[in-house]
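Here's the structure, in structure tokens; my notes come after.
FYI, the numbering just counts along the sequence from 1. Since this is a predicted model, take the numbers as computed values, not measurements.
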Amino acid sequence: MAEEARMRIGFIINDSSTDYSKGLVKGMQEACYKYNCTLFVFNVGEFGMSYSPFGYQKRAVASFINKNCIDGLLFSSAVHASHVPLADLINYIKSFSDIPIISLSMELPGIPSIIADCKPGIEHMVSHLITEHNCKRIALMSAGENSREAEERTACYKSTLEKYGIPFDESLVLYGFFSYNMAMNALNDYQSQHQTLDFDAIVCLNDYMAYAVVDYCKAHDISIPDQLKVTGFDDIPKTSFSNPTISSINQEIETQGKLALETLVKKIKGEEVPLIQNVPTKVRYRQSCGCIEATNSFCDYKTEDFTPVSRERAQTSIYGSEWLIRKDQLVQIQNYYSNTQGQINLYEFTGNFQFVMTNFDIGAAAVCIYETPVFEPKLFDYFELPEKAFVLAAFDNSINFNYKRDADTKPFNPNKMLIPEGFINFYNEPYIVVALTNCEYQYGYLIYKPGEYDETMYDLICTILSLQLATAYKITQDQEERAKLDASNRHLRQISRTDELTKLLNRRGLLELGQETIDLSIKCEKSGLVIFDDMDNLKTINDTFGHDTGDKAIISIGNILKNVFRSNDIIARIGGDEFAIVSPGLTPKTFERTKEKIYAECEKWNKENPDNYKLGISLGFTTFNQESFAMSALLLEADAKQYKEKRLKKSGK
């Protein structure tokens, strides 16, 4: 019996890096395993506006949501409803009417909707502050008139106050607009007007605003919870590990995500599904309202009936080291960004692709580019996909597959398929789809299977990749145009490749001629080495004897390398004290003899040199072959090995 085809589920979200989005995806992923689905997350930014000049370009990937590419759609409605009239939002969602749709977090007419019922949580939290903590003046940190979520939560806050005979006081409503910084501004404004925070509790409509209140109180010596009790909404993971821990309202986000996908699967199969399904919110009492002592580090929260729930030790360890993990991730991304400053073409881009993505724990990915970039200068709702696209590069480590575009690559129509079969094996897991853009231009899109990096980091990686692709595209165009120039320009090109001091090739010359040499060797079914050389103690020579002497030392090292290596080897000075060589046919074994010759030439020079300094050099190498041929990636690997040798020298080993 043939295996049932895996359903393709699309999920439109404004920002896949938020705790809300991550919670939904986690719940959806659980349901994907149960119902044999692949989840494609379309990170489209804000509907109806753009926080950055070109942020609107993200929305282009929503054009893949059609019956050819996706079997059903989950739409996170509330996060898109803040900046557009409801009618416009409904019309936008209905543009996907050729496939079944489920709305999340907001009731939409005629569309099955999964709703977080905020009433139970808000009522319990406000009642708790009144009955258990004897609070009379309870402020509200709201989000303004354009948020339907805030309106619903505010209505629950008002009705609960009325239930206990406490009149609603408009002056006790502050507007933080769901933002930490805006909440800080609102508190400063209130303090300026009233000279003090003259309320004994504040209910915040999300946790980020609650953190602003906590930090504001710390800065102004206001004791929490003794002088002010603070509560949040969303129960993001950090609420359990802050100081104090934050009393909050849990939306059961994972449950919403799981229920939404289950409902969509049923609708795809033609089953009847409820029009509205409510998921009740639940309170989590912690230290910020006074229900858990500040010295108690074992209790995570107390439930509505004050049942204590212990904190998991493993989870505590994970969140305790979270900032270290993210710092390390950011350093790696910063290094990646630095490496993209070099000018590479599309060919080199494809050679680097798997190496770069795998370094960021991405297990499978594909870059698809349009036949020509699409110019989109203005904010748009709908993006008209081109008729032709190409898979530029793809890999799937689960099946040991790696692909780079060549002259025989066939185009495909992205309106009819997200990606042709055979490039990625899609499993019951989430895959992210993002537009690859630069300023007003759409270059294509990226599909990838995320790993253990934080989603915010993946957003940053995609931004850098977009910039690198745009640069590589432009460089490829420039190279193709330069190739058409006649021989009169060859002399100028040769000058641009030459290092003025040593008369060796410079970095540009190495990247161009070195890559050509590697390509030719591979066509002849030969391998070779890329060698990275770094002079020893150049800074000391410059500081002690002057830069003229330092230049002499650099020239001498260059001459030694020319004497040792063959005439068909590519030798270049690529930085102040850095050299590199592309040597076809050289092997790791024969390299050891070459290295000994270089050391011997240095010793010979040191004996003959009248100055009181010594020439030295550290070397590292890597092999190029049909599997590894991108010049920039090979240089990085050789540099890393050279650095290890230099450290061993310094340690005396």
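Using a cutoff of 4.0 Å between basic side-chain nitrogens and carboxylate oxygens, Glu30 and Lys34 are not scored as salt-bridged. For the pair Lys646 and Asp536, the salt-bridge criterion is met [side-chain N within less than 4.0 Å of a carboxylate O]. Taking a cutoff of 4.0 Å between a charged side-chain nitrogen and a carboxylate oxygen, Glu252 and Arg284 qualify as a salt bridge. For the pair Lys238 and Asp207, the salt-bridge criterion is not met [side-chain N within less than 4.0 Å of a carboxylate O]. Lys22 has a carboxylate O that lies under 4.0 Å from a charged side-chain N of Glu455, or vice versa, which qualifies the two as a salt bridge. Salt bridge annotation for Asp361-Lys449: absent, with no cationic side-chain nitrogen under 4.0 angstrom from a carboxylate oxygen.
Using modelled atom types, one finds no donor on one side chain facing an acceptor on the other under 3.5 Å when comparing Gln287 with Glu293. There is a side-chain donor-acceptor pair under 3.5 Å between Ser398 and Tyr427. Side-chain contact check for Gln468 and Asn352: no donor-acceptor pair (N or O, by modelled atom type) lies under 3.5 Å. Thr456 and Asp454 form a side-chain donor-acceptor contact under 3.5 Å, judged by distance and modelled atom types alone. Using modelled atom types and a 3.5 Å distance limit, the side chains of Asp15 and Ser17 yield a donor-acceptor pair. A donor-acceptor contact under 3.5 angstrom links the side chains of Asp328 and Gln332, judged on distance only. Side-chain atoms of Ser466 and Thr463 include no donor-acceptor pair closer than 3.5 Å. In this structure, a donor-acceptor pair under 3.5 Å is absent between the side chains of Tyr643 and Asp534. A side-chain N or O of Ser103 and one of Ser77 form a donor-acceptor pair less than 3.5 Å apart. Checked by atom type, the side-chain pair Thr622/Glu637 shows a donor-acceptor distance below 3.5 Å.
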Next on the checklist: Please evaluate residues Ile246 and Tyr211 with respect to the criterion side-chain contact (heavy atoms from CB on, under 4.5 Å), reporting the C-alpha separation (whole Å), side-chain torsions for both, the decisive distance (0.1 Å), and the verdict.
Outcome noted: CA-CA 8 Å; Ile246 305 296; Tyr211 282 117; 3.8 Å; yes
Item to check | CA sep, side-chain torsions, deciding dist, call: Val279, Ile115, side-chain contact (heavy atoms from CB on, under 4.5 Å) | outcome: CA-CA 6 Å; Val279 178; Ile115 308 296; over 6 Å; no
Checklist entry - For Tyr473 and Phe349, what are the C-alpha separation, side-chain angles and deciding distance, and is it a ring-ring contact (aromatic ring centres under 6.0 Å, His included)? => result CA-CA 9 Å; Tyr473 190 94; Phe349 178 91; over 10 Å; no
Next on the checklist: side-chain contact (heavy atoms from CB on, under 4.5 Å) for Phe178 and Leu205? Distances and angles first, verdict last.
Outcome noted: CA-CA 7 Å; Phe178 289 141; Leu205 297 190; 4.0 Å; yes
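Under the 6.0 Å cut-off for aromatic ring centres, Tyr458 and Phe360 do not qualify, their centroids lying 6.0 Å or more apart. Remark: aromatic rings of Tyr285 and His124 are distant, center separation not under 6.0 Å.
Side-chain contact between Val44 and Asn14 is absent, with no heavy atoms from C-beta onward closer than 4.5 Å. Side-chain contact check for Val203 versus Leu129: some heavy-atom pair is nearer than 4.5 Å. When side chains are defined from C-beta on, Leu529 counts as touching Pro588, because their heavy atoms get closer than 4.5 Å. Within the 4.5 Å cutoff, side-chain heavy atoms of Gln57 are placed close to those of Gln442. Side-chain contact check for Tyr216 versus Val213: every heavy-atom pair is 4.5 Å or farther apart. Using a 4.5 Å heavy-atom cutoff, the side chains of Tyr301 and Ser247 are not in contact. Taking the side chain as every heavy atom from C-beta outward, Ile447 and Phe426 approach each other to under 4.5 Å. You'll find the side chain of Leu635 reaches within 4.5 Å of the side chain of Val530, heavy atoms only.
No donor-acceptor distance shorter than 3.5 angstrom exists from the side chain of Tyr336 to the backbone of Ile464, with no hydrogens or angles considered. Distance alone, capped at 3.5 Å, is enough to place a donor-acceptor pair between the Asn206 side chain and the Met209 backbone. Judged by distance alone, with hydrogens and angles left aside, the side-chain atoms of Asp71 form a donor-acceptor pair with the main-chain N or O of Arg8 at under 3.5 Å. With hydrogens and angles disregarded, no donor-acceptor distance shorter than 3.5 Å links the side chain of Asn296 to the backbone of Ile292. Between the side chain of Thr245 and the main chain of Ser242, no donor-acceptor pair closer than 3.5 Å is present. Using modelled atom types, one side-chain atom of Ser63 and one backbone atom of Ala60 make a donor-acceptor pair closer than 3.5 Å. With hydrogens and angles ignored, the 3.5 Å screen pairs no side-chain donor or acceptor of Thr281 with any backbone N or O of Gln251. Under the 3.5 Å distance criterion, the side-chain polar atoms of Thr263 are matched with a main-chain donor or acceptor of Leu259. Within the 3.5 Å criterion, the main-chain N or O of Asn625 finds no donor-acceptor partner in the side chain of Ser628. Side-chain N or O atoms of Ser288 include one that pairs as donor or acceptor with a backbone N or O of Val230 at under 3.5 Å.
Taking CD of Gln334 as the start and CG of Leu330 as the end, the distance is 6.5 Å to the nearest 0.5 Å. Atom CD1 of residue Ile253 and atom OG of residue Ser21 lie 8.5 Å apart, to the nearest 0.5 angstrom. Here the straight-line distance linking atom OH of Tyr208 with atom CG of Asp234 works out to 8.0 Å at 0.5 Å rounding. Asp396 contributes atom CG, which lies 4.5 Å from atom CD1 of Ile399 (distance to the nearest 0.5 angstrom). In this structure, CD on Gln642 lies 11.0 Å from CZ on Arg647, to the nearest 0.5 angstrom. Distance check, rounded to the nearest 0.5 Å: SG of Cys32 to CD of Glu262 gives 10.5 Å.
Among residues two or more places apart in sequence or in another chain, the salt bridge (charged side-chain N to carboxylate O under 4.0 Å, His left out) test is passed with Arg286 by Asp235, Asp300. Residues passing the side chain to side chain donor-acceptor pair (under 3.5 Å) test with Ser16 are Asn43, sequence neighbours excluded. Every residue two or more places apart in sequence or in another chain was checked for a side chain to side chain donor-acceptor pair (under 3.5 Å) with Asn438, and none qualifies.
Within 6.0 Å of NZ in Lys218 there are more than 12 heavy atoms belonging to other residues, nucleotides or ligands. More than 12 heavy atoms of other residues, nucleotides or ligands shown are found within 6.0 angstrom of OH on Tyr347. Heavy atoms from other residues, nucleotides or ligands lying under 6.0 Å from OH of Tyr453 number more than 12. Residue Asp226 qualifies as enclosed at atom CG: its count of foreign heavy atoms under 6.0 Å is above 12.
Classification of the Phe177-Tyr175 ring pair by plane angle, with boundaries at 30° and 60°, yields tilted. Ring orientation note: the planes of Phe401 and Tyr403 are close to parallel, at an angle under 30° on the 30°/60° scale. In this structure, Phe395 and Phe353 have perpendicular ring planes: the angle between them is above 60°, well past the 30° mark. Relative orientation of the Phe42 and Phe40 rings is tilted, given thresholds of 30° and 60° on the angle between their planes.
Cation-pi geometry between Lys641 and Phe532 is not satisfied (NZ or CZ under 6.0 Å from the ring centre, within 45° of the ring normal).
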